[in-house]
Number of protein chains: 2
Amino acid sequence: MTTRQEQRAETTERILAAARAQLAEVGAAALSLRAVTREVGMVSSAVYRYFPSRDDLLTALIIEAYDAVGEAAEAADHGGEPLERWVSVWRAVRAWAREHPAQYALIYGSPVPGYAAPQDTLPAAGRVAIVLARIAIEAGGPVAAPPPAVRNALAPDLLPGLTAELAPAAMAAFTQLFGTVGFELFGQYENVVHDRDTFFDHVARTAGATCGL
Amino acid sequence: MTTRQEQRAETTERILAAARAQLAEVGAAALSLRAVTREVGMVSSAVYRYFPSRDDLLTALIIEAYDAVGEAAEAADHGGEPLERWVSVWRAVRAWAREHPAQYALIYGSPVPGYAAPQDTLPAAGRVAIVLARIAIEAGGPVAAPPPAVRNALAPDLLPGLTAELAPAAMAAFTQLFGTVGFELFGQYENVVHDRDTFFDHVARTAGATCGL
DNA sequence: GCAGGAACGAGAGCAGTGCTCACACAAGGG
DNA sequence: CCCTTGTGTGAGCACTGCTCTCGTTCCTGC
């Protein structure tokens, strides 16, 4: 007694699940539509009833990934000392990235060729930033005042309570987080950083300090 | 009067040049061997006399890119105030990245699928880091002492003069540089950071301060 | 000085890709 | 109950990386 809409939603989910699995296995650029449909059990041309192109499938996976890492960050933010909350969120993002390297690469690595990140991805992209910024805002610790010109470099009202004094430091910390995770994941720390847990925690704490934690 | 070796070197260079051009145009993952050979004016199978596979061609391009960005960094380091040298190198890396986004993505973006960065790329990869570290070492300014555990997190003797006190800060700054450039290039600052020159300079100076500049 | 072998480019071919299109069939609303 | 709409099929197009065979051309050892 499933209506056509339910059937469609279910098939869409089955395609996405197969795509997710393939993404984890072979990475974004090698993700093959035909392999996905083979796994689902339909012929290759059928998938175009659900996703107009391979890029649209990728977009769906990108949004999923942003949501997943955002959720991981939010779930890791259980109260306590501001700095401990902050470090906990950093660790959660790193842990998620290590568990899902292909998805991480999809959203924070180089954009897929010929693929322009559509506006659809923007809301989901900010969730981690919001979690981190909120911790810094609530802590309300002292922050080194940025030069006047820098205060206007960022968009105003990114988040309620995110002052022009705090915003540059928060943005830099946000960048540092994903830079560090990315460098570890993409092999730049090979033969250089041995104890990555310790180094990462140290970077997290140092970045936290610049945001008044 | 060209010997066979000269001929071979020349053809190799022509292939690389065409590959470089195509890389800039369509990106790494869409780089097509056949298109490259078409541009060079030979048939697709001939290229395998020069590069055993597409990945080997990519490896050659990766090494080229590391060398190019390293050279840009070195060229930008004309003496003066340590902090000014530091900022100048940061700017040079960013400028190179904006001029060569595809090459930048190739080396600092997500690894190309199925492609494991071979050891060949390691020496070239460190050039920018060496330029930056040397500036910090020569400046010899005060650096916040890292906790004892962090001192052992990095490989010792990365560079002569790079003390265990300075190394974590230098590594973090190095990461911050490529994180910031990457975020700008890959679209994460869209709708968030408006004045990117100003913001970037500010991050550079702040990172310099953590390294004693 | 010349025969033999290595290097080289051409062309056909294989298995795979994204995507399009005409077609058949079933579901469900008027 | 008919007929529009949604859905899956299979053939096919143009492309990819890569392999293999086959002539030709160049260089080297005798």
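All chains are named by letter (A, B, ...) in the order of the sequence lines, taking the proteins before the strands, and each is independently numbered beginning at 1.
Mapping Arg38(B) and Arg34(A) onto DNA chain D by nearest heavy atom places Arg34(A) at the nucleotide closer to the 5' end.
Checked against dT9(D), dC18(D), dG18(C), the side chain of Arg54(A) finds its nearest nucleotide in dG18(C). The listed nucleotides are dC18(D), dG10(D), dA10(C); the one nearest the side chain of Val43(B) is dA10(C).
For the ring pair (Phe, Tyr, Trp, His ring centres under 6.0 Å) with Phe183(A), the lone residue among Phe178(A), Tyr189(A), Phe200(A), Phe199(A) that qualifies is Tyr189(A).
As judged by a 4.0 angstrom heavy-atom cut-off over every strand, Ser44(B) is placed among the base-contacting residues. Leu57(B) comes within contact range of no nucleotide atom at all, as no heavy-atom separation falls under 4.0 Å.
Ionic pairing of Asp197(B) and Arg94(B) is present here: one or more N-O contacts between side-chain nitrogen and carboxylate oxygen are shorter than 4.0 angstrom. Between Glu13(B) and Arg20(B), at least one side-chain N (NZ, or NE/NH1/NH2) sits under 4.0 Å from a carboxylate O, which counts as a salt bridge. For the pair Glu39(A) and Arg14(A), the salt-bridge criterion is not met [side-chain N within less than 4.0 Å of a carboxylate O].
Nucleotide dG18(C) holds its P atom 14 Å from the CZ atom of Phe51(A), rounded to whole Å. One can place CG of Leu31(A) at 11 Å from P of dT17(C), the figure rounded to the nearest angstrom. Note: OH (Tyr48(A)) to C1' (dA22(C)) measures 17 Å, nearest angstrom. What separates CD of Glu10(A) from P of dT7(D) is a distance of 13 Å, to the nearest Å. dC18(D) atom C1' lies 13 Å from atom CG of Asp56(B), rounded to whole Å. Counting to the nearest Å, the C1' atom of dT17(C) and the CD atom of Gln22(A) are 12 Å from each other. Whole-Å rounding puts the Leu58(B) CG to dT16(D) C1' distance at 14 Å. For Met42(B) and dG11(C), the CE to P distance is 14 Å, given to the nearest whole Å.
Using modelled atom types, one finds a donor on one side chain and an acceptor on the other under 3.5 Å when comparing Ser53(A) with Asp56(A). Counting only N and O atoms by type, the side chains of Tyr108(B) and Ser110(A) include no donor and acceptor under 3.5 Å apart.
Under 4.0 angstrom from either OP1 or OP2 of dG18(C) there lies at least one side-chain N or O belonging to Ser32(A). For dG8(D), the OP1/OP2 oxygens have a side-chain nitrogen or oxygen of Tyr50(A) closer than 4.0 Å. One finds no side-chain N or O of Ser45(B) lying less than 4.0 angstrom from the OP1 or OP2 phosphate oxygen of dG11(C).
No donor-acceptor distance shorter than 3.5 angstrom exists from the side chain of Arg34(A) to the backbone of Ser44(A), with no hydrogens or angles considered.
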Using atom names, set out every protein N or O paired with an N or O of nucleotides 22-25 of chain D below 3.5 Å, distance rounded to 0.1 Å.
| residue | atom | partner | partner atom | Å |
| --- | --- | --- | --- | --- |
| dT25(D) | O2 | Arg4(B) | NH2 | 3.2 |

